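Being a predicted model, the structure only gives us computed values, none of them experimental. To find a chain, count down the sequence lines: A is the first, B the second, and so on, and within it residues start at 1.
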Number of protein chains: 2
Amino acid sequence: MNKKQLVVKLSGALNLSKADAERTFDTITNTILDALKGDDSVKIAGFGTYKVAKRKARVGRNPRTGEQIQIAASQKVKFLPAKALKEVFNK
Amino acid sequence: MNKKQLVVKLSGALNLSKADAERTFDTITNTILDALKGDDSVKIAGFGTYKVAKRKARVGRNPRTGEQIQIAASQKVKFLPAKALKEVFNK
DNA sequence: TTTCTATATGCAAATACTGCATATCCAATT
DNA sequence: AATTGGATATGCAGTATTTGCATATAGAAA
């Protein structure tokens, strides 16, 4: 399912126009992103937690040539599913 | 930031009551979950992709006693941040 | 208040990560 | 509705990182 299909579903479920449904959805993702940018984690009970994980610099390898390369430290967004979410998929 | 705080922000940004904002948010998470339950992945351009990852059975260990235990195969929800998301945090 | 979640522990196995080419797929513009 | 530019999936090798187990406690959320 891509974003367009999701928006169509939301439009029906929320009784909004597609344009409004999309704006609503974008507002939510932007709000979450803003919090993450401020180095805050976003905890959604029953769904999961978004947090920014810091990754240290390390030595990697180009699998094509085999040569070693230096990989810089970086940050990425991590999503940790809530307990309730795991249970849904494991029974 | 927890769910309550997020709902307050959404309520302001979307000009909805808190109750409506929460209902809207829940509708979205439920829609995503339903797709995942149907073994479909949810791809949100500019944000990321939710997908169900299957994890193989393996041998684990009880850290308290040290004894080996068999861990069953399981499934969990994975979130893969979109390229745009990584860039936000790495410059 | 009562339920949920993070944390901490040791350790084996699974998985992520890197560059890059190709194939596929999506979003937006025409 | 069709085209196109951009984003993502895949495969590869080897190492770094993560995962997940049991369980109690502390802290936060409903």
Side-chain angles (χ1 to χ4, degrees), chain A residues 1-9 18-19 21-23 25-26 29 35 40-91, chain B residues 1-9 18-19 21-23 25-26 29 35 39-90:
Chain A
M1 182 164 76
N2 60 33
K3 184 176 171 184
K4 181 177 282 185
Q5 295 168 313
L6 178 60
V7 166
V8 169
K9 275 184 190 281
K18 282 185 206 170
E22 181 161 10
R23 255 182 333 102
F25 184 76
D26 288 342
T29 56
D40 192 8
S41 63
V42 180
K43 197 179 291 188
I44 312 297
F47 187 65
T49 303
Y50 298 89
K51 58 170 59 174
V52 177
K54 301 176 196 315
R55 320 182 69 79
K56 289 180 187 165
R58 63 198 169 79
V59 176
R61 188 173 293 267
N62 181 338
R64 190 162 296 268
T65 64
E67 67 182 318
Q68 290 198 342
I69 51 177
Q70 181 64 24
I71 300 172
S74 64
Q75 300 193 340
K76 72 171 284 193
V77 175
K78 268 196 68 168
F79 174 73
L80 298 95
K83 188 185 173 192
L85 208 50
K86 294 180 192 169
E87 286 169 359
V88 166
F89 293 96
N90 291 307
K91 55 182 171 188
Chain B
M1 182 163 76
N2 59 34
K3 184 177 173 185
K4 182 178 283 184
Q5 295 168 314
L6 178 60
V7 166
V8 169
K9 276 184 189 283
K18 282 185 207 169
E22 180 161 12
R23 243 200 316 274
F25 184 76
D26 288 342
T29 56
D39 211 36
D40 191 8
S41 62
V42 180
K43 201 178 289 190
I44 312 298
F47 188 64
T49 303
Y50 297 89
K51 60 168 57 175
V52 177
K54 300 177 197 314
R55 319 185 72 82
K56 291 179 186 166
R58 62 199 171 78
V59 175
R61 190 169 293 268
N62 180 337
R64 190 161 298 268
T65 65
E67 68 181 317
Q68 290 198 341
I69 51 179
Q70 182 63 23
I71 299 174
S74 64
Q75 300 193 341
K76 72 171 283 193
V77 175
K78 267 197 67 168
F79 173 74
L80 298 95
K83 188 185 175 191
L85 207 51
K86 293 181 193 169
E87 286 168 0
V88 166
F89 293 97
N90 290 308

Quick check on DNA chain D: between A:K43 and B:G48, whose nearest nucleotide comes earlier from the 5' end? B:G48
On DNA chain D, nearest-nucleotide positions of B:P81 versus B:R64: which is more 5'? B:P81
Could you work out, with ring pair (Phe, Tyr, Trp, His ring centres under 6.0 Å) as the rule, every residue matching B:F47, not counting sequence neighbours? B:F79
Using atom [atom1] of [X] as one end and atom [atom2] of [N] as the other, report the distance to the nearest whole Å.
X: B:I44; N: C:dA27; atom1: CD1; atom2: C1'; result: 13 Å
X: A:D26; N: C:dA27; atom1: CG; atom2: P; result: 12 Å
X: B:Q70; N: C:dA13; atom1: CD; atom2: P; result: 10 Å
X: A:K18; N: C:dA28; atom1: NZ; atom2: C1'; result: 15 Å
X: A:K83; N: C:dT3; atom1: NZ; atom2: C1'; result: 9 Å
X: B:Q68; N: C:dC11; atom1: CD; atom2: P; result: 12 Å

Ranking A:T49 and A:M1 by the position along DNA chain C of their nearest nucleotide, the one closer to 5' is A:T49
Toward the 5' end of DNA chain C, which comes first, B:V59 or A:L80, by nearest nucleotide? A:L80
Run the side-chain contact (heavy atoms from CB on, under 4.5 Å) test against B:A35 and tell me which residues pass, sequence neighbours left out. A:M1, B:D40, B:V42
Inter-end axis angle, the helix from C:dT1-D:dA30 to C:dT30-D:dA1, with every axis fitted to five base pairs (rounded, 10 degrees): 150°
State, to 0.1 Å, how close A:A82 and A:G46 come at their nearest heavy-atom pair, and which atoms those are. CB-C, 3.9 Å
Heavy-atom closest pair (B:T49 atom, B:S41 atom, distance to 0.1 Å) is CG2-CB, 4.5 Å
Measure the [atom1]-[atom2] distance between [X] and [Y] for me, rounded to the nearest 0.5 Å.
X: A:L80; Y: B:K78; atom1: CG; atom2: NZ; result: 12.0 Å
X: B:L85; Y: B:I44; atom1: CG; atom2: CD1; result: 12.0 Å
X: A:K9; Y: A:K18; atom1: NZ; atom2: NZ; result: 13.5 Å

Using a cut-off of 4.0 Å on non-hydrogen atoms, how would the nucleic acid contact of [X] be classed: base, sugar-phosphate, or nothing?
X: B:A82; answer: sugar-phosphate
X: A:G46; answer: sugar-phosphate
X: B:T65; answer: nothing

Outermost DNA chain D nucleotides near chain A [under 4.0 Å, heavy atoms]: D:dG11 to D:dA30
Does B:E22 reach the main-chain N or O of B:A19 with its side chain, forming a donor-acceptor pair under 3.5 Å? no
Extract all donor-acceptor atom pairs below 3.5 Å that involve side chains of residues 64-76 of chain B and protein atoms in other chains or at least two apart in sequence.
{"unit_1": "B:T65", "atom_1": "OG1", "unit_2": "B:E67", "atom_2": "N", "d": "3.3"}
{"unit_1": "B:T65", "atom_1": "OG1", "unit_2": "B:E67", "atom_2": "OE2", "d": "3.4"}

What's touching nucleotides 16-18 of chain C from the protein side, N or O pairs under 3.5 Å?
{"unit_1": "C:dA16", "atom_1": "OP1", "unit_2": "B:K78", "atom_2": "NZ", "d": "2.2"}
{"unit_1": "C:dC17", "atom_1": "OP1", "unit_2": "A:K76", "atom_2": "NZ", "d": "2.9"}
{"unit_1": "C:dC17", "atom_1": "O3'", "unit_2": "A:R58", "atom_2": "NH2", "d": "3.2"}
{"unit_1": "C:dT18", "atom_1": "O2", "unit_2": "A:R61", "atom_2": "O", "d": "2.9"}

